Amino acid sequence: MRSGVFTDYKVFAGNAHPELAEEIASIMGKPLGKATVTKFSDGEISVNLWESVRGTDVYIIQSTCNPVNDNLMELLIMIDAMKRASAGRINAVIPYYGYARQDRKAKARDPITAKLVADLIVAAGADRVLTMDLHANQIQGYFNIPVDHLIGMPILANYFKEKNLDNLCIVSPDHGSVTRARAMAQVLDCPIAIIDKRRPEPNKSEIMNIIGNIEGKNCIILDDMIDTAGTITNAANAIKEMGATAVYACATHAVLSGPAIERIEKSAIEELVLLNTIPLAEEKRIEKMRFLSVGPLFAEAITRVFTNGAVSELFD
């Protein structure tokens, strides 16, 4: 792995989320590096770097969101281009890490795609990964390079703290999100509740029970991502029916595929607060959605990585 003290750094971006990349670079007072990522007529991805990166600390900002495979290949090819151009250190900045939901063998003959993607990123030539709210924390261990794992919860918690809601309860939509819910409850000084659900098949969930007292409370459902929104809308409707005063929801990654927007619109959720790790087209944005930016957090994290500062302080 290439390491050491660097005198300069450059920020590049693929096509996944240019608005976020521009924001991060602007906060850091840097123009985005000169590079073009296009396609040949048969769909193959072509990367061209139009400035030198020799001996430079480079940061490639690229979420592996929809279209997932194209954005992942863009990231891998950009890393390879940087490596062959003798970059001093290559940092893959991945606000949303795709393929993370398959992080273990849940049944016989399952792939572990979170590990496969980690291997691809390392094999391409990345020296470090900077990401946010992995679907499971252990994914950090799938990499044989340093991983800085940022947390979106403090941004969301601060937003709700400023709303001055009383009688709060943080709701975990499943057992896997309990640790995240406890952390937010500690910040907001309130109790938690847990949704006991089962998933009969991918992208489908059924509410079985609710552990905890939600009657008469302003409930905030917290999750790492919302894909088809079945889990979070089922949870919202269930706790509203069981006596919650109001239901809010928040998540880091707004995947929002398939029937997600329609489900959210019709659900008991009064306000849905999301971070901008994934771009969302204007036509998909509805009145009850609110977006908060992760740009300042990533800009600060990149600065600390470059200057060998402590990234862990950003978790508070």
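Given the structure is predicted, the values throughout are model-derived calculations rather than measurements.
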Q: Checking side-chain contact (heavy atoms from CB on, under 4.5 Å) for the pair Trp50/Thr36: CA distance, chi angles, key distance, verdict?
A: CA-CA 8 Å; Trp50 302 111; Thr36 53; 3.1 Å; yes
Q: With a 4.5 Å heavy-atom cut-off, do Ile61 and Ile24 have their side chains touching?
A: yes
Q: Kindly give the heavy-atom pair with the smallest separation between Ala85 and Val53, and that separation in Å.
A: CB-CG2, 3.5 Å
Q: With a cut-off of under 6.0 Å to the ring centre and 45° to the axis, is Arg285 in cation-pi contact with Phe291?
A: yes
Q: How far apart are the closest heavy atoms of Val122 and Asn144, and which atoms are they?
A: CG2-N, 4.3 Å
Q: How many angstroms lie between CE in Met153 and CG in Leu275, if you round to the nearest 0.5 Å?
A: 11.5 Å
Q: Which atom names give the shortest non-hydrogen contact between Cys250 and Ile220, and what distance separates them?
A: SG-CG2, 3.8 Å
Q: Are Lys288 and Glu270 packed together at the side-chain level, in the sense that at least one heavy-atom pair is separated by less than 4.5 angstrom?
A: no
Q: Give, for atom OG1 of Thr303 and atom CG of Leu314, the distance between the pair rounded to the nearest 0.5 Å.
A: 9.5 Å
Q: In this structure, would Ile27 and Tyr9 fall into the same cluster of hydrophobic residues linked by side-chain contacts under 4.5 Å?
A: no
Q: Are Asp127 and Lys83 close enough for a salt bridge, meaning some N to O gap below 4.0 Å?
A: no
Q: Of Ile221, Val255, Leu274, which meets side chain to side chain contact (heavy atoms under 4.5 Å, CB included) against Ile226?
A: Leu274
Q: For residues Phe143 and Arg128, determine if any side-chain heavy atom of one lies less than 4.5 Å from a side-chain heavy atom of the other.
A: no
Q: For residues Val294 and Leu20, determine if any side-chain heavy atom of one lies less than 4.5 Å from a side-chain heavy atom of the other.
A: yes
Q: Where do Asp8 and Thr56 land on the side chain to side chain donor-acceptor pair (under 3.5 Å) test, with the steps shown first?
A: CA-CA 6 Å; Asp8 192 19; Thr56 302; 5.2 Å; no
Q: Measure across Lys115 and Tyr142 and return the closest heavy-atom pair with its distance rounded to 0.1 Å.
A: NZ-O, 3.1 Å
Q: Spell out, yes or no, whether Met225 and Ile232 are grouped together once hydrophobic residues are joined by side-chain heavy atoms under 4.5 Å, including indirect joins.
A: no
Q: Look at Asp57 together with Arg89 and state whether they make a salt bridge at an N to O cut-off of under 4.0 Å.
A: yes
Q: To the closest 0.5 Å, what do you measure between CG (Leu168) and CE (Met184)?
A: 8.5 Å
Q: Distance-only, no hydrogens or angles: does the Ser26 side chain make a donor-acceptor pair with backbone N or O of Glu22 under 3.5 Å?
A: no
Q: Rounded to the nearest 0.5 Å, what separation is found between the CD1 atom of Ile302 and the CZ atom of Arg304?
A: 13.0 Å
Q: Nearest 0.5 angstrom please: Ser63 OG to Asn276 CG, how far?
A: 9.0 Å
Q: Going by atom types alone, do His175 and Asp196 pair a side-chain donor with an acceptor below 3.5 Å?
A: yes
Q: So does Ala268 get a backbone contact from the side chain of Lys240, meaning a donor-acceptor N/O pair under 3.5 Å?
A: no
Q: State, without any angle test, whether Thr64 and Asn71 hold a side-chain donor-acceptor pair at a distance under 3.5 Å.
A: no
Q: Are Lys10 and Tyr59 in a cation-pi contact, defined as NZ or CZ under 6.0 Å from the six-membered ring centre and within 45° of the axis?
A: no
Q: Looking only at side chains, do Ser257 and Asp227 share a donor and an acceptor under 3.5 Å apart?
A: yes
Q: Check whether any side-chain heavy atom of Phe298 sits under 4.5 Å from a side-chain heavy atom of Leu150, and report yes or no.
A: yes
Q: Grab the two heavy atoms, one from Ile269 and one from Ala236, that are nearest each other, plus how far apart they are.
A: CG1-CB, 3.5 Å
Q: Just checking, any donor-acceptor pair under 3.5 angstrom between side chains of Thr277 and His253?
A: yes
Q: Do the side chains of His149 and Gln140 get nearer than 4.5 Å, heavy atoms only?
A: yes
Q: Return the CD to CE distance between Glu23 and Met28, rounded to the nearest 0.5 Å.
A: 12.5 Å
Q: Same cluster for Leu134 and Leu75 if Ile/Leu/Val/Met/Phe/Trp/Tyr side chains link at under 4.5 Å?
A: yes
Q: Just checking, any donor-acceptor pair under 3.5 angstrom between side chains of Gln102 and Asp110?
A: no
Q: Answer yes if the side chains of Tyr96 and Gln62 hold a donor-acceptor pair under 3.5 Å, and no otherwise.
A: no
Q: May I have the step-by-step check of side-chain contact (heavy atoms from CB on, under 4.5 Å) for Ile151 and Met132, ending in yes or no?
A: CA-CA 6 Å; Ile151 300 170; Met132 174 174 273; over 6 Å; no
Q: Does NZ in Lys266 sit with more than 12 non-hydrogen atoms of other residues, nucleotides or ligands closer than 6.0 Å?
A: no
Q: Ignoring hydrogens, what is the shortest heavy-atom contact between Met289 and Leu256? Give both atom names and the distance.
A: CE-CD1, 3.8 Å
Q: Check whether more than 12 heavy atoms from other residues, nucleotides or ligands sit under 6.0 Å from atom CD of Gln138, and answer yes or no.
A: yes
Q: Is the shortest heavy-atom distance from the side chain of Val171 to the side chain of Ile194 under 4.5 Å?
A: no
Q: Taking the side chain as everything from C-beta on, heavy atoms only, tell me whether Tyr248 gets closer than 4.5 Å to Leu165.
A: yes
Q: Transitively linked via ILVMFWY side-chain contacts under 4.5 Å: Val187 with Ile170?
A: yes
Q: Answer yes or no: does atom CD of Glu262 have more than 12 heavy-atom neighbours from other residues, nucleotides or ligands under 6.0 Å?
A: no
Q: In residues 37-47, what donor-acceptor pairs under 3.5 Å come from side-chain atoms, sequence neighbours left out?
A:
unit_1: Lys39; atom_1: NZ; unit_2: Asp70; atom_2: OD2; d: 2.6
unit_1: Asp42; atom_1: OD1; unit_2: Glu44; atom_2: N; d: 3.1

Q: Ignoring hydrogens and geometry, is there a side-chain-to-backbone donor-acceptor pair from Asn158 to Pro154 under 3.5 Å?
A: yes
Q: If hydrophobic clusters are built by linking Ile, Leu, Val, Met, Phe, Trp and Tyr wherever their side-chain heavy atoms come under 4.5 Å apart, do Leu76 and Val147 end up in the same one?
A: yes
Q: Evaluate the side-chain contact (heavy atoms from CB on, under 4.5 Å) criterion for residues Ile210 and Met242: first the C-alpha distance (whole Å), next the side-chain angles of each, then the deciding distance (0.1 Å), finally the verdict.
A: CA-CA 9 Å; Ile210 297 177; Met242 294 182 70; 3.2 Å; yes
Q: Tell me if a side-chain donor or acceptor on Asn167 pairs with a main-chain N or O of Gly216 at a distance below 3.5 Å.
A: yes
Q: Going through the distances and angles, do Tyr97 and His135 end up as a side-chain contact (heavy atoms from CB on, under 4.5 Å)?
A: CA-CA 8 Å; Tyr97 181 82; His135 191 60; over 6 Å; no
Q: For Ile79, run the side chain to side chain contact (heavy atoms under 4.5 Å, CB included) check against Val58, Ile121, Asn91 and tell me which one passes.
A: Ile121
